[in-house]
Structures are given as C-alpha cells and as structure tokens.
Amino acid sequence: MRDFSCPECGQQLDFENTLCLNCGSPLGFQLAARAVVVLDGEFRHCANQYVAQCNWLIPVDSPAALCESCALTRTRPADQDDKWLPAFAEAEAAKRRLLLELTELGLPLTGRAADPEHGLAFDLLASGAEPVVTGHHNGVITLDLAEGDDVHREQLRVEMAEPYRTLLGHFRHEIGHYYFTVLVDDEALTRYRELFGDPFADYREALDRHYSEGAPPGWGDHYVSSYATMHPAEDWAETFAHYLHIRDTLDTAAAFGFAPAGATLDRPQHGRAGFDRIIELWLPLAWALNMMNRSMGHPDLYPFVLADPVLDKMRFIHELCATAAHG
C-alpha cells in the first residue's frame with residue numbers, strides 16, 4: 001500500500017481518509033488515478049459512503065451510483081440491519097485494499113455486469129438461520145461476515161490450528177481461486193500440474209481426508225500452509241494469497257523507506273530475476289518484522305517458511321500475473 005498525502009497541504013494520509021485533519025479538505029480515493037484526491041466538483045462520493053464507510057469516488061458525470069469496488073458486491077446486509085452493517089463495512093474496507101493491489105498488479109477485473117456467467121462478484125453474507133461457508137464458485141466469492149468479529153475469527157483460527165486468519169487474507173485466498181480460471185490456460189495447465197497436481201481431483205474426497213487425517217508429515221517442505229496440502233486447488237489459492245501478502249507488504253515497506261523503491265507494485269519485476277529480487281527483499285524484511293512483533297510481545301507477523309518448492313510455485317504465479325498484466 002503506497003503512502004498518501006493531501007493534495008492541498010501535503011499532510012500525510014491513510015488509504016481510508018475522507019477529510020484532511022490539517023487543512024479540512026474533503027477527500028476521497030480515485031481508483032483510476034490510484035490517489036487520494038480533493039472533492040472539488042469533478043468527483044462525487046460512492047452511494048455506499050455511509051453504509052459501507054466507503055471513501056471511493058465516482059466522476060460526477062458517471063451514471064454509476066457505486067464505485068468500482070462496491071459495484072462488485074452482489075449481496076449484502078440490508079441498510080436497516082444494525083447487527084451486521086459494521087461487519088459489512090469492515091469487509092468492504094478489506095475488499096478495497098484487495099482491489100487496489102490487483103489493479104496495481106495490472107490483473108484483469110471483470111465483473112458480473114460484463115460477464116454474467118463467469119465475472120467476479122462478492123456475496124457478503126451474515127450467519128443467521130443458516131451457516132455461511134466462505135468460498136468461491138464460478139467467479140462468486142462468498143464471505144461469512146462473522147469473520148469480522150475478532151473473537152469468532154480467533155476462535156476459529158485456534159480450532160483450525162492456523163497461524164494467520166484475517167478478512168484480507170480470506171479475500172486474497174478466495175480471489176486466488178478466481179484467478180486460476182483467468183490465468184491458467186491450456187498451455188499453463190501442464191506446468192500447473194507439475195507444481196500443484198491435478199486441479200480437477202475429487203474435492204470432497206480430498207476434504208474428507210484432510211479433516212480426518214490432517215496434513216502429511218513434513219508438509220512444510222513443499223507447502224506454504226497445512227491447508228494447502230488438502231487439494232491442489234487450495235495449494236494454488238494459498239500460494240496466490242501469499243504472493244499478494246508479500247507484494248503488498250513490500251510495497252508498503254518501500255513507501256515508508258523500509259525497502260528500496262524498486263519493491264513497489266508499480267515497478268514491474270519481470271521474469272525469474274524479477275521474482276528472485278522480490279524474495280531477496282522479502283526474506284530480511286519478514287525476519288525484521290517478526291523480531292519487532294516479538295519485541296512488543298506479539299506473535300510473528302509472518303509465521304511462515306518459504307521452502308524452495310513453495311517458491312517455485314510462487315514464481316509460476318508471478319510469471320502468470322506478469323503475463324496477464326503486460327500481455
């Protein structure tokens with residue numbers, strides 16, 4: 001995430017700012033410019049400004065009511081649903097961060113309006129009479145809004161023996177499933193099978209085996225997480241999510257002077273050497289961040305080990321993303 005500043009006075013801002021506390025200028029985020037801009041008559045607020053606490057802007061002459069991010073949400077709580085609207089707003093905030101990173105990487109974002117059968121959409125659903133299963137199917141990403149509750153999410157993290165569980169992490173994982181359908185064509189499928197296995201293997205059988213037997217011994221030598229061992233499709237989605245973790249964290253570190261300027265998302269890192277450079281920058285940064293967290297009494301910020309087979313998988317994802325972004 002890049003650093004932002006007020007166009008009027010230069011005050012440092014964060015991604016969610018709607019007002020400059022220094023000069024009082026009304027602000028919003030404009031995706032096309034990838035910048036926080038002053039609301040000066042050229043733009044207007046997204047219709048979800050209040051219900052989703054959305055600070056993204058739309059050109060005043062646009063017929064759209066919703067910004068690029070909110071328009072991708074197909075289902076959400078009703079405006080009168082006081083119980084779930086705060087969780088909905090938190091989920092939308094994480095989704096906006098996801099979509100900015102995907103835009104920075106140059107990845108295609110085709111919504112349901114342009115592709116009714118396979119386009120991207122989000123169903124942000126509240127657990128109520130029926131349980132909600134977070135997942136992806138045919139372009140539609142479903143998120144259980146209960147994941148926005150810290151106690152609920154931490155309880156699940158402990159029960160499932162996960163070292164990391166966040167809303168943004170969920171979105172990055174599920175969008176990985178979507179991008180399998182976008183990035184892996186017939187030519188790339190051969191290499192995919194060599195690295196991950198058969199993406200069309202029986203999923204139910206793999207799920208039952210995983211939850212009855214657990215991850216195989218020594219899984220860390222080949223997988224980024226224990227959940228990645230469950231099925232090749234989950235291995236891809238977990239690795240894709242970690243690729244996004246790394247790229248965005250490096251981008252933020254570069255914005256604040258903790259990594260070289262070349263680490264930013266708007267600086268293409270082409271080919272094998274480009275990916276190797278990303279990892280060369282990431283490993284010492286992750287170590288330093290983990291040590292800083294320990295100094296504050298917190299768990300490691302990035303409690304994962306990137307074995308060589310994992311890096312091979314991630315390099316493959318990097319190359320596919322670069323091809324999609326630059327043709």
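FYI, the numbering just counts along the sequence from 1.
Although no hydrogens or angles enter the test, the distance criterion places a donor-acceptor pair under 3.5 Å between the side chain of Asn290 and the main chain of Leu301. Looking only at distances, a side-chain donor or acceptor of Thr229 sits under 3.5 Å from a matching main-chain atom of Ser226. Under a 3.5 Å cut-off, the side chain of Arg112 and the backbone N or O of Gly119 do form a donor-acceptor pair. A distance-only check finds no donor-acceptor pair linking the side chain of Trp84 to the backbone of Leu145 [under 3.5 Å]. At least one donor-acceptor pair under 3.5 Å links the side chain of Tyr192 to the backbone N or O of Pro232. Judged by distance alone, with hydrogens and angles left aside, the side-chain atoms of Asn293 form no donor-acceptor pair with the main-chain N or O of His298 at under 3.5 Å. Side-chain N or O atoms of Arg193 include none that pairs as donor or acceptor with a backbone N or O of Gly197 at under 3.5 Å.
A donor and an acceptor atom, one from each side chain of Asn55 and Gln49, are nowhere located under 3.5 Å apart. Judged purely by distance below 3.5 Å, without hydrogens or angles, the side chains of Glu238 and Ser225 pair a donor atom with an acceptor atom. With hydrogens and angles left out, the side-chain atoms of Thr134 and Glu174 include no donor and acceptor closer than 3.5 Å. Judged by distance alone, the side chains of Lys95 and Ser69 do bring a donor and an acceptor atom under 3.5 Å apart.
Side-chain contact between Thr73 and Arg76 is present, with heavy atoms from C-beta onward closer than 4.5 Å. Val310 places none of its side-chain heavy atoms less than 4.5 Å from the side chain of His222. At least one side-chain heavy atom of Tyr223 sits less than 4.5 Å from a side-chain heavy atom of Lys313. Asn48 is not listed as a side-chain neighbour of Cys67, based on a closest heavy-atom distance of 4.5 Å or more. Put simply, the side chain of Leu244 reaches to within 4.5 Å of the side chain of Leu102, judged on heavy atoms. Here the side chains of Thr75 and Leu124 are not in contact, with every heavy-atom distance at 4.5 Å or above.
With ring centers used as reference points, Tyr243 lies under 6.0 Å from His318. Aromatic pair Trp287/Tyr302: centroids not less than 6.0 angstrom apart. You'll find the ring centres of Tyr203 and His210 outside the 6.0 Å limit.
Criterion: ILVMFWY side-chain heavy atoms under 4.5 Å apart, direct or through other members. Under it, Val51 and Phe122 are part of a common hydrophobic cluster. Hydrophobic clustering, with ILVMFWY side chains joined whenever heavy atoms are under 4.5 angstrom apart, keeps Phe256 apart from Leu100. There is no path of hydrophobic side-chain contacts, each under 4.5 Å, that joins Leu99 to Phe43. Follow the hydrophobic side-chain contacts under 4.5 Å out from Trp56 and you never reach Ile58; the two are in separate clusters.
Heavy-atom minimum distance, Arg209 versus Met230: NH2-O, 3.9 Å. The two atoms that bring Thr166 and Gly169 nearest to each other are OG1-N, 2.8 Å, heavy atoms only. What you find for Ala65 and Arg44 is that their closest heavy atoms are CA-NH1, 4.3 Å.
Using cut-offs of 30° and 60° for the angle between ring planes, the Phe316 and Phe196 rings count as tilted. Ring geometry for Tyr227 versus His173: interplanar angle of 30 to 60°, hence tilted.
The existence of a salt bridge linking Asp248 and Arg172 is confirmed by a sub-4.0 Å separation between a basic side-chain nitrogen and an acidic carboxylate oxygen. The pair Asp208-Arg204 meets the salt-bridge criterion, since a charged nitrogen lies less than 4.0 angstrom from a carboxylate oxygen. Contact check on Arg294 versus Asp300 returns a salt bridge, with a Lys/Arg side-chain nitrogen under 4.0 Å from an Asp/Glu carboxylate oxygen.
Evaluation of the side chain to side chain donor-acceptor pair (under 3.5 Å) rule for Asp221 yields no partner, not counting sequence neighbours. Legend: residues meeting side-chain contact (heavy atoms from CB on, under 4.5 Å) with Thr181, ordered by chain and number and at least two apart, are Tyr178.
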| Do Asp3 and Gln12 pass the side chain to side chain donor-acceptor pair (under 3.5 Å) test, and can you show the C-alpha distance, the side-chain angles, and the key distance before you say yes or no? | CA-CA 8 Å; Asp3 193 19; Gln12 191 173 46; 3.1 Å; yes
Could you go through residues 15-40 and list every donor-acceptor pair under 3.5 Å that involves a side-chain atom there, pairing it with any protein atom two or more places apart or in another chain?
| residue | atom | partner | partner atom | Å |
| --- | --- | --- | --- | --- |
| Glu16 | OE2 | Arg97 | NE | 3.2 |
| Glu16 | OE2 | Arg97 | NH2 | 3.3 |
| Asn17 | OD1 | Asp14 | N | 2.7 |
| Gln30 | OE1 | Ala33 | N | 3.0 |
| Arg34 | NH1 | Glu104 | OE1 | 2.9 |
| Asp40 | OD1 | Glu42 | N | 3.2 |

